[in-house]
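Excluded from the calculations below are hydrogen atoms, water molecules and symmetry mates; all remaining heavy atoms, backbone and side chain alike, are included. Convention: sequence-line order gives letters A, B, ...; per-chain numbering from 1.
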There are 2 protein chains.
Amino acid sequence: MSEKQPFELRDFTPYLLNQAAEATGSRFQSIYKSKYGMLRTEWRVLFHLGCYGDMTAKDICERAGLHKTKVSRAVSALALKRFLERHELPQDRRHERLTLTTAGHRAFEDLVGDAQAFDAQLAARFSHDELALLKKMLVQLAHP
Amino acid sequence: MSEKQPFELRDFTPYLLNQAAEATGSRFQSIYKSKYGMLRTEWRVLFHLGCYGDMTAKDICERAGLHKTKVSRAVSALALKRFLERHELPQDRRHERLTLTTAGHRAFEDLVGDAQAFDAQLAARFSHDELALLKKMLVQLAHP
DNA sequence: ACCTAATAGTTGCTTTTGTAACTAACAAGC
DNA sequence: GCTTGTTAGTTACAAAAGCAACTATTAGGT
(Lines give C-alpha, C1' and ligand atoms only; values in the text may rest on other atoms or scores of the structure.)
Protein backbone atom coordinates (compact mmCIF):
# COMPACT_ATOMS: atom_id res chain seq x y z
CA MET A 1 0.00 0.00 0.00
CA SER A 2 1.13 3.54 -0.64
CA GLU A 3 2.59 5.43 2.28
CA LYS A 4 1.66 9.10 2.47
CA GLN A 5 4.40 11.65 2.04
CA PRO A 6 4.84 13.77 5.17
CA PHE A 7 3.90 17.37 4.57
CA GLU A 8 5.87 20.22 6.00
CA LEU A 9 3.93 23.48 6.06
CA ARG A 10 7.10 25.48 6.53
CA ASP A 11 8.33 24.17 3.21
CA PHE A 12 5.21 24.96 1.20
CA THR A 13 6.06 27.65 -1.35
CA PRO A 14 2.82 29.67 -1.20
CA TYR A 15 3.06 29.75 2.58
CA LEU A 16 6.65 30.96 2.53
CA LEU A 17 5.80 33.57 -0.08
CA ASN A 18 2.92 34.78 1.99
CA GLN A 19 4.99 35.03 5.15
CA ALA A 20 7.75 36.95 3.41
CA ALA A 21 5.35 39.26 1.58
CA GLU A 22 3.36 39.92 4.72
CA ALA A 23 6.43 40.64 6.82
CA THR A 24 8.10 43.02 4.40
CA GLY A 25 4.86 44.56 3.13
CA SER A 26 3.45 45.42 6.51
CA ARG A 27 6.75 46.78 7.68
CA PHE A 28 6.95 49.09 4.70
CA GLN A 29 3.28 49.96 4.97
CA SER A 30 3.83 51.46 8.39
CA ILE A 31 6.02 54.09 6.72
CA TYR A 32 3.53 55.48 4.23
CA LYS A 33 0.64 54.90 6.58
CA SER A 34 2.14 57.00 9.33
CA LYS A 35 3.42 59.69 6.96
CA TYR A 36 0.43 60.10 4.67
CA GLY A 37 -2.32 57.88 6.07
CA MET A 38 -2.21 55.86 2.88
CA LEU A 39 -3.53 52.36 2.38
CA ARG A 40 -1.62 49.78 0.38
CA THR A 41 -3.71 50.24 -2.75
CA GLU A 42 -3.33 54.01 -2.52
CA TRP A 43 0.41 53.59 -2.30
CA ARG A 44 0.36 51.39 -5.40
CA VAL A 45 -1.70 53.84 -7.41
CA LEU A 46 0.56 56.70 -6.38
CA PHE A 47 3.62 54.75 -7.42
CA HIS A 48 2.17 53.65 -10.71
CA LEU A 49 1.46 57.23 -11.64
CA GLY A 50 4.77 58.44 -10.25
CA CYS A 51 6.84 55.77 -11.97
CA TYR A 52 5.06 55.45 -15.29
CA GLY A 53 3.32 58.77 -15.77
CA ASP A 54 -0.33 59.64 -16.31
CA MET A 55 -2.70 56.82 -17.09
CA THR A 56 -6.29 55.77 -16.57
CA ALA A 57 -7.66 53.69 -13.72
CA LYS A 58 -8.08 50.83 -16.15
CA ASP A 59 -4.40 50.91 -17.03
CA ILE A 60 -3.50 50.67 -13.37
CA CYS A 61 -5.84 47.72 -12.92
CA GLU A 62 -4.11 45.86 -15.71
CA ARG A 63 -0.59 46.73 -14.76
CA ALA A 64 -1.01 46.03 -11.08
CA GLY A 65 -3.49 43.18 -11.29
CA LEU A 66 -5.97 45.01 -9.08
CA HIS A 67 -9.74 45.00 -9.27
CA LYS A 68 -11.33 48.17 -10.57
CA THR A 69 -13.32 48.84 -7.40
CA LYS A 70 -10.16 48.78 -5.34
CA VAL A 71 -8.49 51.22 -7.72
CA SER A 72 -11.58 53.38 -7.87
CA ARG A 73 -11.61 53.80 -4.12
CA ALA A 74 -7.87 54.40 -3.94
CA VAL A 75 -8.15 57.08 -6.62
CA SER A 76 -10.97 58.76 -4.69
CA ALA A 77 -8.91 58.71 -1.52
CA LEU A 78 -5.87 60.18 -3.29
CA ALA A 79 -8.03 62.84 -4.94
CA LEU A 80 -9.41 63.74 -1.52
CA LYS A 81 -5.84 64.16 -0.27
CA ARG A 82 -5.22 66.37 -3.34
CA PHE A 83 -2.49 64.03 -4.54
CA LEU A 84 -4.03 63.56 -7.97
CA GLU A 85 -6.55 65.06 -10.36
CA ARG A 86 -8.92 63.40 -12.78
CA HIS A 87 -9.38 64.74 -16.30
CA GLU A 88 -12.02 63.33 -18.59
CA LEU A 89 -10.64 62.65 -22.04
CA PRO A 90 -12.56 64.69 -24.64
CA GLN A 91 -12.38 61.96 -27.27
CA ASP A 92 -14.00 59.45 -24.92
CA ARG A 93 -15.56 60.79 -21.79
CA ARG A 94 -15.69 57.40 -20.14
CA HIS A 95 -11.94 57.46 -19.58
CA GLU A 96 -10.23 59.76 -17.20
CA ARG A 97 -6.58 60.56 -17.23
CA LEU A 98 -5.10 60.53 -13.74
CA THR A 99 -2.37 63.06 -13.02
CA LEU A 100 -0.36 63.63 -9.90
CA THR A 101 -0.55 67.11 -8.43
CA THR A 102 2.52 68.90 -7.16
CA ALA A 103 1.72 67.63 -3.68
CA GLY A 104 1.27 64.15 -5.10
CA HIS A 105 4.66 64.34 -6.78
CA ARG A 106 6.26 65.53 -3.59
CA ALA A 107 4.74 62.63 -1.63
CA PHE A 108 5.86 60.23 -4.35
CA GLU A 109 9.42 61.53 -4.37
CA ASP A 110 9.54 61.38 -0.61
CA LEU A 111 8.31 57.80 -0.54
CA VAL A 112 10.65 56.78 -3.33
CA GLY A 113 13.46 57.62 -0.96
CA ASP A 114 11.94 55.48 1.76
CA ALA A 115 11.32 52.66 -0.68
CA GLN A 116 14.91 52.71 -1.90
CA ALA A 117 16.24 52.73 1.63
CA PHE A 118 13.92 49.91 2.61
CA ASP A 119 14.82 47.85 -0.43
CA ALA A 120 18.51 48.42 0.12
CA GLN A 121 18.11 47.17 3.65
CA LEU A 122 16.48 43.99 2.37
CA ALA A 123 19.04 43.60 -0.39
CA ALA A 124 21.88 43.82 2.09
CA ARG A 125 20.94 40.40 3.40
CA PHE A 126 21.91 38.72 0.13
CA SER A 127 24.50 38.69 -2.56
CA HIS A 128 23.86 40.47 -5.84
CA ASP A 129 23.40 37.20 -7.70
CA GLU A 130 21.08 35.76 -5.11
CA LEU A 131 18.89 38.83 -5.23
CA ALA A 132 18.76 38.83 -9.02
CA LEU A 133 17.71 35.19 -9.01
CA LEU A 134 15.08 35.83 -6.32
CA LYS A 135 13.51 38.60 -8.36
CA LYS A 136 13.54 36.57 -11.52
CA MET A 137 11.80 33.73 -9.70
CA LEU A 138 9.23 36.01 -8.11
CA VAL A 139 8.31 37.43 -11.49
CA GLN A 140 7.95 33.89 -12.76
CA LEU A 141 5.71 32.93 -9.84
CA ALA A 142 3.53 35.98 -10.30
CA HIS A 143 2.46 34.60 -13.66
CA PRO A 144 -0.26 31.96 -13.77
CA MET B 1 23.38 68.87 -7.04
CA SER B 2 22.24 65.29 -6.42
CA GLU B 3 20.26 63.65 -9.19
CA LYS B 4 17.47 61.37 -8.03
CA GLN B 5 17.79 57.69 -8.75
CA PRO B 6 15.01 56.47 -11.01
CA PHE B 7 12.71 54.08 -9.23
CA GLU B 8 11.35 50.99 -10.88
CA LEU B 9 8.28 49.61 -9.12
CA ARG B 10 8.64 46.28 -10.85
CA ASP B 11 12.01 45.85 -9.20
CA PHE B 12 10.89 46.64 -5.66
CA THR B 13 11.25 43.51 -3.56
CA PRO B 14 8.11 43.88 -1.38
CA TYR B 15 6.06 44.51 -4.51
CA LEU B 16 7.40 41.42 -6.25
CA LEU B 17 6.88 39.35 -3.13
CA ASN B 18 3.33 40.54 -2.88
CA GLN B 19 2.56 39.79 -6.51
CA ALA B 20 4.01 36.30 -6.29
CA ALA B 21 2.29 35.54 -2.97
CA GLU B 22 -1.01 36.88 -4.20
CA ALA B 23 -0.90 34.93 -7.45
CA THR B 24 0.03 31.59 -5.94
CA GLY B 25 -2.02 32.04 -2.77
CA SER B 26 -5.25 32.92 -4.49
CA ARG B 27 -4.85 30.14 -7.01
CA PHE B 28 -4.39 27.63 -4.25
CA GLN B 29 -7.16 29.16 -2.19
CA SER B 30 -9.68 28.38 -4.89
CA ILE B 31 -9.03 24.68 -4.24
CA TYR B 32 -9.86 24.55 -0.55
CA LYS B 33 -12.51 27.19 -0.91
CA SER B 34 -14.45 25.23 -3.49
CA LYS B 35 -13.96 21.90 -1.74
CA TYR B 36 -14.62 22.86 1.86
CA GLY B 37 -15.67 26.50 1.86
CA MET B 38 -12.60 27.34 3.89
CA LEU B 39 -11.01 30.74 4.29
CA ARG B 40 -7.25 31.21 4.24
CA THR B 41 -6.94 31.42 8.01
CA GLU B 42 -9.07 28.31 8.42
CA TRP B 43 -6.80 26.47 6.02
CA ARG B 44 -3.79 27.58 8.00
CA VAL B 45 -5.24 26.45 11.31
CA LEU B 46 -6.23 23.10 9.83
CA PHE B 47 -2.73 22.61 8.46
CA HIS B 48 -1.03 23.62 11.67
CA LEU B 49 -3.00 21.04 13.58
CA GLY B 50 -2.60 18.44 10.85
CA CYS B 51 1.12 18.94 10.48
CA TYR B 52 2.19 19.55 14.03
CA GLY B 53 -0.50 17.87 16.13
CA ASP B 54 -2.78 19.23 18.84
CA MET B 55 -2.03 22.67 20.20
CA THR B 56 -3.77 25.71 21.63
CA ALA B 57 -4.97 28.73 19.69
CA LYS B 58 -2.14 30.71 21.25
CA ASP B 59 0.41 28.28 19.87
CA ILE B 60 -1.02 28.72 16.39
CA CYS B 61 -0.88 32.50 16.75
CA GLU B 62 2.79 32.35 17.57
CA ARG B 63 3.77 29.79 14.99
CA ALA B 64 1.81 31.36 12.17
CA GLY B 65 2.20 35.00 13.14
CA LEU B 66 -1.56 35.52 13.22
CA HIS B 67 -3.64 37.71 15.50
CA LYS B 68 -5.65 35.89 18.13
CA THR B 69 -8.99 37.17 16.90
CA LYS B 70 -8.33 35.81 13.45
CA VAL B 71 -7.43 32.42 14.89
CA SER B 72 -10.37 32.50 17.27
CA ARG B 73 -12.81 32.98 14.42
CA ALA B 74 -11.12 30.39 12.24
CA VAL B 75 -11.29 27.88 15.09
CA SER B 76 -14.99 28.62 15.54
CA ALA B 77 -15.62 28.11 11.83
CA LEU B 78 -13.70 24.83 11.81
CA ALA B 79 -15.55 23.65 14.92
CA LEU B 80 -18.83 24.46 13.18
CA LYS B 81 -17.75 22.32 10.25
CA ARG B 82 -16.94 19.55 12.77
CA PHE B 83 -13.31 19.55 11.68
CA LEU B 84 -11.96 20.09 15.17
CA GLU B 85 -12.89 19.90 18.83
CA ARG B 86 -11.89 22.07 21.75
CA HIS B 87 -10.93 20.57 25.11
CA GLU B 88 -10.32 22.73 28.13
CA LEU B 89 -7.14 21.75 29.90
CA PRO B 90 -7.95 20.71 33.53
CA GLN B 91 -4.73 22.20 34.88
CA ASP B 92 -5.52 25.62 33.41
CA ARG B 93 -9.03 26.15 32.15
CA ARG B 94 -8.07 29.22 30.17
CA HIS B 95 -6.28 27.07 27.60
CA GLU B 96 -8.01 24.75 25.23
CA ARG B 97 -6.37 21.99 23.32
CA LEU B 98 -7.50 21.89 19.71
CA THR B 99 -7.83 18.47 18.14
CA LEU B 100 -8.81 17.48 14.62
CA THR B 101 -11.80 15.17 14.35
CA THR B 102 -11.80 12.24 11.94
CA ALA B 103 -13.51 14.44 9.36
CA GLY B 104 -10.90 17.13 10.00
CA HIS B 105 -8.11 14.62 9.44
CA ARG B 106 -9.72 13.43 6.25
CA ALA B 107 -10.00 16.98 4.94
CA PHE B 108 -6.41 17.63 5.93
CA GLU B 109 -5.12 14.53 4.19
CA ASP B 110 -7.12 15.37 1.12
CA LEU B 111 -5.77 18.90 0.99
CA VAL B 112 -2.22 17.74 1.66
CA GLY B 113 -2.48 15.91 -1.63
CA ASP B 114 -3.63 19.05 -3.38
CA ALA B 115 -0.93 21.10 -1.72
CA GLN B 116 1.79 18.69 -2.77
CA ALA B 117 0.53 18.62 -6.33
CA PHE B 118 0.31 22.40 -6.40
CA ASP B 119 3.76 22.83 -4.94
CA ALA B 120 5.23 20.31 -7.36
CA GLN B 121 3.73 22.28 -10.20
CA LEU B 122 5.39 25.44 -8.94
CA ALA B 123 8.67 23.65 -8.29
CA ALA B 124 8.76 22.33 -11.83
CA ARG B 125 9.48 25.83 -13.07
CA PHE B 126 12.89 25.86 -11.40
CA SER B 127 15.91 23.76 -10.73
CA HIS B 128 16.34 22.06 -7.39
CA ASP B 129 19.09 24.45 -6.35
CA GLU B 130 17.15 27.52 -7.39
CA LEU B 131 14.15 26.41 -5.39
CA ALA B 132 16.23 25.67 -2.31
CA LEU B 133 17.78 29.12 -2.50
CA LEU B 134 14.38 30.76 -2.98
CA LYS B 135 12.99 29.10 0.12
CA LYS B 136 16.02 29.98 2.17
CA MET B 137 15.68 33.60 1.11
CA LEU B 138 11.95 33.70 1.80
CA VAL B 139 12.51 32.41 5.31
CA GLN B 140 15.13 35.09 5.75
CA LEU B 141 12.75 37.78 4.52
CA ALA B 142 9.95 36.60 6.79
CA HIS B 143 12.08 37.58 9.77
CA PRO B 144 12.17 41.24 10.84
C1' DA C 1 -7.59 35.75 52.17
C1' DC C 2 -7.34 39.67 49.21
C1' DC C 3 -5.86 42.79 45.84
C1' DT C 4 -3.43 43.45 41.54
C1' DA C 5 -1.53 41.89 37.33
C1' DA C 6 -1.30 38.77 33.58
C1' DT C 7 -3.09 35.44 30.21
C1' DA C 8 -6.35 32.72 26.76
C1' DG C 9 -9.84 33.47 24.29
C1' DT C 10 -14.26 35.96 22.75
C1' DT C 11 -17.24 39.75 21.34
C1' DG C 12 -18.53 44.26 19.41
C1' DC C 13 -17.58 47.92 16.47
C1' DT C 14 -15.13 50.14 12.73
C1' DT C 15 -12.51 49.87 8.57
C1' DT C 16 -11.42 47.47 4.41
C1' DT C 17 -12.32 44.19 0.81
C1' DG C 18 -15.12 41.49 -2.56
C1' DT C 19 -19.04 40.88 -5.57
C1' DA C 20 -22.60 42.29 -8.26
C1' DA C 21 -25.53 45.57 -9.88
C1' DC C 22 -25.62 50.06 -11.65
C1' DT C 23 -24.70 54.60 -14.53
C1' DA C 24 -22.88 56.96 -18.28
C1' DA C 25 -20.63 57.03 -22.62
C1' DC C 26 -19.56 55.09 -26.86
C1' DA C 27 -19.86 51.73 -31.04
C1' DA C 28 -21.91 48.84 -34.54
C1' DG C 29 -25.67 46.87 -37.08
C1' DC C 30 -29.80 47.41 -38.97
C1' DG D 1 -32.37 56.98 -35.42
C1' DC D 2 -32.81 53.12 -32.61
C1' DT D 3 -31.71 48.83 -30.58
C1' DT D 4 -27.98 45.88 -28.69
C1' DG D 5 -23.60 45.27 -26.82
C1' DT D 6 -19.40 46.90 -24.67
C1' DT D 7 -16.48 49.62 -21.78
C1' DA D 8 -14.82 52.89 -17.69
C1' DG D 9 -15.88 53.82 -13.56
C1' DT D 10 -19.03 54.11 -9.25
C1' DT D 11 -22.02 52.51 -5.72
C1' DA D 12 -24.49 49.43 -2.60
C1' DC D 13 -24.49 45.51 0.07
C1' DA D 14 -22.21 41.49 2.17
C1' DA D 15 -18.03 39.23 3.83
C1' DA D 16 -13.79 39.65 6.24
C1' DA D 17 -9.99 41.92 8.83
C1' DG D 18 -8.28 45.01 12.49
C1' DC D 19 -8.57 46.90 16.95
C1' DA D 20 -10.06 47.62 21.53
C1' DA D 21 -12.73 46.32 25.27
C1' DC D 22 -14.45 42.44 27.68
C1' DT D 23 -14.86 37.69 30.43
C1' DA D 24 -12.98 34.06 32.81
C1' DT D 25 -9.17 32.06 34.94
C1' DT D 26 -4.72 31.79 37.06
C1' DA D 27 -0.50 33.68 39.50
C1' DG D 28 1.91 36.54 42.79
C1' DG D 29 2.59 39.61 46.42
C1' DT D 30 1.30 41.20 50.81
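Between B:Glu42 and B:Lys81, at least one side-chain nitrogen of the basic residue sits less than 4.0 Å from a carboxylate oxygen of the acidic one, meeting the salt-bridge criterion.
Counting non-hydrogen atoms under 4.0 angstrom, B:Arg86 reaches the backbone sugars and phosphates but no base.
Taking 4.0 angstrom as the limit, B:Ser72 places none of its side-chain polar atoms (N or O) nearer than this to OP1 or OP2 of C:dG9.
Figure legend: A:Arg10 and B:Tyr52 shown as a cation-pi pair, the cationic atom lying under 6.0 angstrom from the six-membered ring centre and within 45 degrees of its axis.
Both A:Val112 and A:Ile31 are assigned to one and the same hydrophobic cluster, defined by single-linkage of ILVMFWY side chains at heavy-atom distances under 4.5 Å.
Atom C1' of nucleotide D:dT10 and atom NE2 of A:His95 are separated by 16 Å, given to the nearest angstrom. Nucleotide C:dA8 holds its C1' atom 15 Å from the CZ atom of B:Arg97, rounded to whole Å. Atom-to-atom, CD of A:Glu96 to C1' of D:dA8 comes out at 8 Å; the value is rounded to the nearest Å.
Ring pair A:Phe7/B:Phe108: centre-to-centre distance not below 6.0 Å. Residues A:Trp43 and A:Phe83 keep their aromatic ring centres 6.0 Å or farther apart.
In B:Lys35, the NZ atom is crowded: over 12 heavy atoms of neighbouring residues, nucleotides or ligands sit closer than 6.0 Å.
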Walk along nucleotides 16-26 of chain D from 5' to 3' and tag each nucleotide B, S or - by protein heavy-atom contact under 4.0 Å, base first, then sugar-phosphate. S-BBB----BS
